[in-house]
Every structure is written in structure tokens, then in C-alpha cells.
Amino acid sequence: MLFDLSGYTDEEIKGNARLRIFLKILRDIFEKDYEEFLVVLREAIIALDKIDKQEKGTEYFETFIRYIMNARNDLELRAVYDIAKGISVERRDVIMTIAEKLIKEGMEKGIEKGIEKTAEAAFRKGADIDFVVDITGLSMDKLREIKRRVKEEQN
């Protein structure tokens, strides 16, 4: 069952500060337009910065930023960076580290997809599985799965 937060006002969202910030983001991430969401995001980063200065916790902040970046496709990293830069140098650095990780993860996924596409093409041309292992470096289990998928497409 999905829980809908859209009908709750800021005053109705209860819990500790971190929970309230998180619930407000969950409520607004898809409901608000881009500019309105940036305002909500700025308020959340300011609140988290105050909390983290008291509790010395950056892990929660990183999880928070990763969620936002993954859930909101129209959100530009530069906008998040600019908001954080205006609030805290530490937050700016954390966001840049997260951005670097997200870019690296994206590149790794892209490379993996490319290798899988190469394996698919090789199987379509009738290549032997041992040959495809040699050229792709993929596991035998992964290649069996790809080969099965290619066979299903051809039938």
C-alpha cells in the first residue's frame, strides 16, 4: 500500500527534525515545479546543515542528496551545488563528492551495458560462448542469460 503525503501541511508532519525534513521532501519531490522544489530543497539543506553541525553526521545528508538526485530527473546538479555552496562549504564539498560518485556509477553502468550489447551482437552473429567470454570478460552465467534472451528474440 502506498502512503500519500501530498495532503499534509508542514504543520501536520510530525517527528524529529530529520524525519520532518525527509517527509517534506517526499511530499514535494514530484508535486512541486522545478523552481518551487529548489526553494524546498534549499530549506531542507539549511535545516540538515544545522542538525549535522550539532550531530556531526554527513551520512544522512549524503543519502538525502542521492535520493533527490535519483528521484527528480529534471534537477540539475549545478542548482543543488549552488544552493549548498550558499549555505555551507562542507555541504558543497559533500555534494561534489556525491556528484563524482553518481557520475562514476553512471559511467560504470554505461560501460557494462555496452559490454552486454557487444555480447548480444556476438551471439546474434553466431559466436561461441567461450569466444564471447574472452572478448567481454562477463561471467558465464551472465552470458548464458544474454544468449537465452537473444534466442528468445530470434524465435
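Everything numeric here is computed off the predicted structure, so don't read it as measured data.
In this structure, E120 pairs ionically with R149, as a charged nitrogen and a carboxylate oxygen lie closer than 4.0 Å.
Scanning for salt bridge (charged side-chain N to carboxylate O under 4.0 Å, His left out) contacts around E153 gives R124, with sequence neighbours left out. Residues passing the salt bridge (charged side-chain N to carboxylate O under 4.0 Å, His left out) test with R148, sequence neighbours excluded: E152. The side-chain hydrogen bond (donor to acceptor under 3.5 Å, both in side chains) search around E145 returns none, not counting sequence neighbours. Listed by chain and number, the residues in a salt bridge (charged side-chain N to carboxylate O under 4.0 Å, His left out) with K151 amount to none (sequence neighbours excluded). The side chain to side chain contact (heavy atoms under 4.5 Å, CB included) test applied to E35 returns D33, L38, not counting sequence neighbours. With sequence neighbours left out, the side chain to side chain contact (heavy atoms under 4.5 Å, CB included) criterion links A127 to A122, F131, V132. For the side chain to side chain contact (heavy atoms under 4.5 Å, CB included) test, residues two or more places apart in sequence or in another chain that qualify with D74 are Y34, R72. Evaluation of the side chain to side chain contact (heavy atoms under 4.5 Å, CB included) rule for R144 yields I129, M140, D141 as partners, not counting sequence neighbours. The salt bridge (charged side-chain N to carboxylate O under 4.0 Å, His left out) check on E105 picks up R66, with sequence neighbours excluded.
Atom CZ of residue R42 and atom CD1 of residue I45 lie 9.0 Å apart, to the nearest 0.5 angstrom. Atom-to-atom distance recorded for E76:CD and D82:CG is 9.5 Å, nearest 0.5 angstrom. Note that CG of L138 is 6.0 Å distant from CD1 of I115, once rounded to the nearest 0.5 Å.
Here the side chains of K109 and K113 are not in contact, with every heavy-atom distance at 4.5 Å or above. Side-chain contact between I83 and L41 is present, with at least one heavy-atom pair separated by less than 4.5 Å.
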Between V150 and Q154, does a side-chain contact (heavy atoms from CB on, under 4.5 Å) hold up when you go through it step by step? CA-CA 6 Å; V150 168; Q154 291 174 341; 3.8 Å; yes

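Across all their heavy atoms, F37 and I29 have their closest contact at CE1-CA, 3.5 Å. For the pair I146 and F123, the tightest heavy-atom approach, listed with the atom from each and the gap, is CG2-CD1, 3.9 Å.
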